[in-house]
K.L.:
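Would you mind keeping the following structure in view while I ask a few things?
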There are 2 protein chains.
Amino acid sequence: MDRSDALDCCAPGVEGIFEEVAAHDLAQVFAALADPVRLRLLSIVAAGGEVCSCNLEGPLNKRQSTISHHTSVLHSAGLLVGRRRGRWMYWSVVPERLAQVARVLDVELAGPLA
Amino acid sequence: MDRSDALDCCAPGVEGIFEEVAAHDLAQVFAALADPVRLRLLSIVAAGGEVCSCNLEGPLNKRQSTISHHTSVLHSAGLLVGRRRGRWMYWSVVPERLAQVARVLDVELAGPLA
DNA sequence: CTATCATATCGATAATGATCGATATGACAA
DNA sequence: TTGTCATATCGATCATTATCGATATGATAG
């Protein structure tokens with residue numbers, strides 16, 4: 001529950017320097033990506049299109065409560081969306097969000113010098 | 001001291017799914033980005049081109065030892081390079097590294113579905 | 001209704017890391 | 001050499017979080 005996009009643009013202030021709130025929000029997204037289990041989870045969902053939680057415990061070798069925790073973190077970061085189908089939860093990646101974060105790295109940070 | 005690039009390509013294994021070591025290395029890079037102070041530090045250096053450590057304590061409002069810690073983390077992640085000039089340390093971003101990480105998000109994770 | 005199954009939440013533990021003050025290293029000036 | 005200044009490292013504290021087992025929620029089947 002934290003999808004306020006302070007990162008989708010250009011904070012005013014000193015010439016391209018991140019302001020504190022924007023940096024805080026962006027850091028949360030990177031924190032969601034800063035775990036090997038979550039990165040593998042993301043790659044599995046990206047490759048599978050729509051993947052059930054129950055099909056993640058095996059490949060990731062983690063307990064159900066741990067998987068639920070990780071999907072929750074990725075969802076809060078706006079990187080995953082979930083859809084209920086009966087008792088099952090199916091997860092998909094949010095490509096626009098990933099592209100948005102990629103752009104911050106590529107344009108806002110690498111760009112000025114590249 | 002951890003710039004082994006397991007992320008610059010395509011681990012073999014199951015169809016685009018990150019293997020554990022690659023995920024571990026990539027997670028370390030994102031962990032370096034997962035701090036608001038470091039993100040602001042990066043943006044200051046990106047905007048300034050080559051910035052002295054001594055010019056970071058003020059804008060970031062952190063002590064010298066804390067700044068040194070953060071530059072060290074970013075350097076270990078390959079995101080910053082440092083150059084000594086007399087007693088001063090000047091830092092620059094590594095645009096190729098940032099672009100490389102951006103590509104992982106944009107191509108390997110967002111790509112398959114976008 | 002009750003039973004069952006998939007997922008979510010809770011509580012505890014252990015590990016990681018951000019921050020600071022204090023100290024060490026290393027470079028320049030005199 | 002000695003003194004000074006910028007940076008690096010050390011040690012401690014506090015906060016965050018990954019993980020698990022146990023339990024709660026919620027949906028389907030009978």
Side-chain angles (χ1 to χ4, degrees), chain A residues 1-2 18 20-21 23-42 44-45 48 50-77 79-92, chain B residues 1-2 18 20-21 23-42 44-45 48 50-77 79-92:
Chain A
M1 47 200 67
D2 185 38
F18 296 167
E20 305 208 11
V21 282
H24 173 268
D25 292 356
L26 189 52
Q28 283 202 126
V29 182
F30 285 122
L33 294 165
D35 181 276
V37 175
R38 283 196 288 268
L39 285 176
R40 280 166 46 81
L41 194 160
L42 264 184
I44 290 172
V45 175
E50 210 181 23
V51 177
C52 175
S53 285
C54 58
N55 290 125
L56 292 170
E57 307 179 29
L60 295 175
N61 195 31
K62 298 291 169 197
R63 301 295 179 183
Q64 179 268 325
S65 60
T66 302
I67 298 295
S68 180
H69 166 68
H70 286 309
T71 51
S72 168
V73 171
L74 290 168
H75 174 68
S76 294
L79 297 166
L80 276 189
V81 283
R83 171 184 175 204
R84 254 209 129 86
R85 281 243 242 165
R87 302 187 253 224
W88 296 274
M89 197 68 177
Y90 287 83
W91 298 99
S92 318
Chain B
M1 50 193 70
D2 185 38
F18 296 168
E20 304 207 12
V21 281
H24 173 268
D25 292 356
L26 189 52
Q28 284 202 126
V29 181
F30 285 122
L33 294 166
D35 182 276
V37 176
R38 284 197 289 270
L39 286 175
R40 280 165 47 82
L41 195 160
L42 264 183
I44 290 172
V45 174
E50 209 181 23
V51 177
C52 175
S53 285
C54 58
N55 290 125
L56 291 170
E57 307 179 28
L60 295 175
N61 194 29
K62 298 292 168 197
R63 302 293 180 187
Q64 179 269 325
S65 60
T66 302
I67 298 296
S68 179
H69 166 68
H70 285 308
T71 52
S72 169
V73 171
L74 290 168
H75 173 69
S76 295
L79 297 166
L80 276 189
V81 283
R83 170 184 176 204
R84 253 210 130 84
R85 281 241 243 166
R87 303 186 252 225
W88 296 274
M89 196 68 179
Y90 287 83
W91 298 99
S92 320

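Computed from heavy atoms alone, side chains included, the values below leave out hydrogens, waters and symmetry copies. Computed from a predicted model, the values in this text were never measured in an experiment. A, B, ... follow the sequence lines: proteins, then strands. Residue 1 opens every chain.
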K.L.:
Less than 3.5 Å apart, which donor and acceptor atoms pair up between the side chains of residues 66-74 of chain B and the rest of the protein, not counting sequence neighbours?
P.N.:
unit_1: B:H70; atom_1: ND1; unit_2: B:R38; atom_2: NH1; d: 3.1
unit_1: B:T71; atom_1: OG1; unit_2: B:I67; atom_2: O; d: 3.2
unit_1: B:T71; atom_1: OG1; unit_2: B:S68; atom_2: O; d: 2.9

K.L.:
For B:V73, which contact category applies under a 4.0 Å heavy-atom criterion: base, sugar-phosphate, or nothing?
P.N.:
nothing
K.L.:
What one-letter contact string describes nucleotides 11-16 of chain C from 5' to 3', where B marks a base within less than 4.0 Å of any protein heavy atom, S marks contact via sugar-phosphate atoms alone, and - marks no contact?
P.N.:
------
K.L.:
What residues, two or more places apart in sequence or in another chain, satisfy side chain to side chain contact (heavy atoms under 4.5 Å, CB included) together with B:A31?
P.N.:
A:A34
K.L.:
Tell me the side chain to side chain donor-acceptor pair (under 3.5 Å) pairs involving residues 54-64 of chain B, sequence neighbours left out?
P.N.:
none
K.L.:
For each nucleotide in nucleotides 4-13 of chain D, reading 5' to 3', give B when a protein heavy atom comes within less than 4.0 Å of its base, S when such contact involves only the sugar-phosphate, and - otherwise.
P.N.:
BBSBBB----
K.L.:
Identify whether any heavy atom of B:R85 sits under 4.0 Å from a base atom; if not, whether one sits that close to sugar-phosphate; answer base, sugar-phosphate or nothing.
P.N.:
nothing
K.L.:
In Å and rounded to the nearest 0.5 Å, what is the CZ to CD1 distance from A:F18 to B:I44?
P.N.:
10.5 Å
K.L.:
Rounding to 10 degrees, work out the angle separating the end axes of the helix from C:dC1-D:dG30 to C:dA30-D:dT1 (five pairs an end).
P.N.:
20°
K.L.:
With sequence neighbours excluded, tell me which residues meet side chain to side chain donor-acceptor pair (under 3.5 Å) with A:R40.
P.N.:
none
K.L.:
Rounded to the Å, how far apart are B:N61 CG and C:dC20 P?
P.N.:
8 Å
K.L.:
Is B:K62 close enough to C:dA18 that one of its side-chain N or O atoms is under 4.0 Å from OP1 or OP2 there?
P.N.:
no
K.L.:
For A:E50, give me all partners under salt bridge (charged side-chain N to carboxylate O under 4.0 Å, His left out), at least two apart in sequence or on another chain.
P.N.:
A:R83
K.L.:
Test of understanding: with side chain to side chain donor-acceptor pair (under 3.5 Å), list the residues that count as partners of A:S53, not counting sequence neighbours.
P.N.:
A:W91
